[in-house]
Amino acid sequence: MRRFFYRALAVAALVFASSMFLAGCQKKEETAIVFDDSFPLALAPDVEWCVVTEPYVAYKKNSDWGAEVTGHCRKGEIIQIRGKRQDSSGERWYYTEKGWLPGTSVSIYSNRLKAQKVADEILVQ
């Protein structure tokens, strides 16, 4: 009688283990990965991005405080950096599509996703 009980228990355990194994092997619905291609250079290793940290910052025509203003940007804006320069006083300047921005008014990031995260935190404050 005991032998029959142990065999029945072993068969039940084998059936249970097999059913769990087969249930895990079922093909699940695949979720498609969607890539955001609105900024193709967002993860490019040689492109840097800046986030404006001051309420308002003026774009300058040259990398100089006395240079002509060509436009304005606001706190939390994300801008691609196209060039860098350091003036005679040691101030770092960053060239963008619209002009030069002083380094004291921006934070620099190696990719746009990092910059976006910081910009979102800045705008929540």
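Since this is a predicted model, take the numbers as computed values, not measurements.
- Remark: Thr96 engages Tyr59, Ile79, Lys98, Leu101 in a side chain to side chain contact (heavy atoms under 4.5 Å, CB included) (not counting sequence neighbours).
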Using residues 112-121 as the side-chain source, report each donor-acceptor pair under 3.5 Å to any protein atom, sequence neighbours left out, with the distance given to one decimal.
residue: Arg112; atom: NH1; partner: Gln116; partner atom: OE1; Å: 3.1
residue: Lys114; atom: NZ; partner: Ser110; partner atom: OG; Å: 3.3
residue: Gln116; atom: NE2; partner: Asp120; partner atom: OD1; Å: 2.8

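- Listed by chain and residue number, Glu97 satisfy the salt bridge (charged side-chain N to carboxylate O under 4.0 Å, His left out) test with Arg82 (two or more places apart in sequence, or in another chain).
- Looking at residues two or more places apart in sequence or on another chain, you find a side chain to side chain contact (heavy atoms under 4.5 Å, CB included) between Val69 and Ala58, Lys60, His72.
- Looking at residues two or more places apart in sequence or on another chain, you find a salt bridge (charged side-chain N to carboxylate O under 4.0 Å, His left out) between Lys84 and Glu48.
- Looking only at side-chain heavy atoms (C-beta outward), Ile81 and Val47 stay at 4.5 Å or farther from each other.
- For Ser89, the side chain to side chain contact (heavy atoms under 4.5 Å, CB included) partners two or more places apart in sequence, or in a different chain, are Asp87, Glu91.
- Closest of all the heavy-atom pairs between Thr53 and Ser107 is CG2-OG, 3.3 Å.
- Side-chain atoms of Ile108 and Tyr94, non-hydrogen and from C-beta on, do get closer than 4.5 Å to each other.
- Evaluation of the ring pair (Phe, Tyr, Trp, His ring centres under 6.0 Å) test over residues 103-125, restricted to residues two or more places apart or in two chains, returns none.
- Trp65 belongs to a hydrophobic cluster whose remaining members, ordered by chain and number, are Trp93, Tyr95, Trp100; membership requires side-chain heavy atoms of ILVMFWY residues under 4.5 Å apart, directly or through intermediates.
- Residue pairs meeting the salt bridge (Lys or Arg N to Asp or Glu O under 4.0 Å) criterion with at least one member in residues 71-81, sequence neighbours excluded, do not occur.
- The side chain to side chain contact (heavy atoms under 4.5 Å, CB included) test with Val57 is passed by exactly one of Val106, Thr104, Val52: Val52.
- Take Ser63 and apply the side chain to side chain donor-acceptor pair (under 3.5 Å) test, not counting sequence neighbours, and it matches Arg85.
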